[in-house]
S.K.: 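Pasting a structure below so you can have a look.
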Amino acid sequence: AKYTIVDKETCIACGACGITAPEVFDYDENGLSFVTLDNNQGTVEIPDDLYYEVEDASYGCPTDSIKIADEPFNRTPVKAG
Ligand code: F3S
């Protein structure tokens, strides 16, 4: 299983991730990205059919704010991967 979360401390609202993976990332009122699967808690498994989009979005983020890990983040984007 894979989980994802946006580090909103480092997101600069560039807007790339929502284009790359529109079913997973959306933006809050400040333009900062969040994971729609679980309101950016990092606790809901990424559906298999969306995983590659999420991976692309993570690689494409200019500030490396999209974290991916094998275990749930439980609200804190501290894990790399
Ligand atoms: Fe933010 Fe990176 Fe997306 S800067 S808007 S998380 S591509």
Side-chain angles (χ1 to χ4, degrees):
K2 294 285 190 179
Y3 300 83
T4 185
I5 196 169
V6 174
D7 186 344
K8 296 181 78 163
E9 298 293 322
T10 59
C11 171
I12 56 170
C14 86
C17 52
I19 295 171
T20 303
E23 292 174 272
V24 177
F25 302 101
D26 200 353
Y27 309 109
D28 69 14
E29 66 277 9
N30 297 314
L32 299 177
S33 176
F34 66 94
V35 176
T36 58
L37 300 172
D38 51 21
N39 198 26
N40 212 50
Q41 303 301 292
T43 53
V44 172
E45 203 176 316
I46 304 166
D48 286 346
D49 60 334
L50 297 176
Y51 179 69
Y52 289 106
E53 286 182 18
V54 173
E55 199 172 44
D56 275 355
S58 181
Y59 286 138
C61 176
T63 58
D64 196 25
S65 296
I66 299 172
K67 311 302 183 185
I68 298 173
D70 296 334
E71 296 167 17
F73 286 90
N74 296 322
R75 306 182 183 197
T76 309
V78 292
K79 293 175 185 167

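Remember, it's a predicted structure, so these values are computed and weren't measured experimentally. One-based numbering, in listed order, for ligands and for the atoms of each.
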S.K.: Counting only heavy atoms, which portion of Y27 has something under 4.0 Å from ligand 1: side chain, backbone, both, or neither?
M.R.: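 Answer for Y27: side chain.
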S.K.: Which protein non-hydrogen atom lies closest to atom 2 (Fe) of ligand 1, naming both residue and atom, and how far is it?
M.R.: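 Of the protein heavy atoms, C61 SG, 2.3 Å lies nearest.
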S.K.: Measure the spacing between CG of L50 and OG1 of T4 and express it to the nearest 0.5 Å.
M.R.: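 Interatomic distance, L50 CG to T4 OG1, rounded to 0.5 Å: 11.0 Å.
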S.K.: Suppose I only count heavy atoms of T63 and a 4.0 Å limit; which atoms of ligand 1 are within that range?
M.R.: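 The atoms of ligand 1 under 4.0 Å from a heavy atom of T63 are 4 (S).
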S.K.: Provide, to 0.1 Å, the distance between atom 5 (S) of ligand 1 and the closest protein heavy atom, together with that atom's residue and name.
M.R.: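 The closest one turns out to be G15 N, 3.3 Å.
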S.K.: Any heavy-atom pair between the side chains of T20 and C61 that's under 4.5 Å?
M.R.: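 Sidechains of T20 and C61: no contact.
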S.K.: For ligand 1, which atoms sit closer than 4.0 Å to a heavy atom of S33?
M.R.: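 Those of ligand 1 that fall under 4.0 Å from S33 are 3 (Fe), 5 (S), 6 (S).
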S.K.: Are the side chain of D28 and the backbone of F34 linked by a donor-acceptor contact shorter than 3.5 Å?
M.R.: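 Answer holds: no.
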S.K.: Please write down residue, atom name and distance for the protein heavy atom closest to atom 3 (Fe) of ligand 1.
M.R.: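 I find the closest protein heavy atom is C17 SG, 2.4 Å.
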S.K.: Is any side-chain heavy atom of Y3 less than 4.5 Å from a side-chain heavy atom of D38?
M.R.: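 No - every pair of side-chain heavy atoms lies 4.5 Å or more apart.
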S.K.: State whether C11 contributes an N/O/S atom found under 2.8 Å from atom 1 (Fe) of ligand 1.
M.R.: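 Coordinating: yes.
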S.K.: Measuring from E9:CD to S65:OG, what's the distance to the nearest 0.5 Å?
M.R.: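 Interatomic distance, E9 CD to S65 OG, rounded to 0.5 Å: 10.0 Å.
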S.K.: Tell me, do Q41 and P72 make a side-chain contact under 4.5 Å, heavy atoms counted?
M.R.: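 No, every pair of side-chain atoms sits at 4.5 Å or beyond.
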S.K.: If we set the cut-off at 4.0 Å for heavy atoms, which region of I12 has an atom near ligand 1: side chain, backbone, both, or neither?
M.R.: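 For I12, backbone and side-chain atoms both sit under 4.0 Å from ligand 1.
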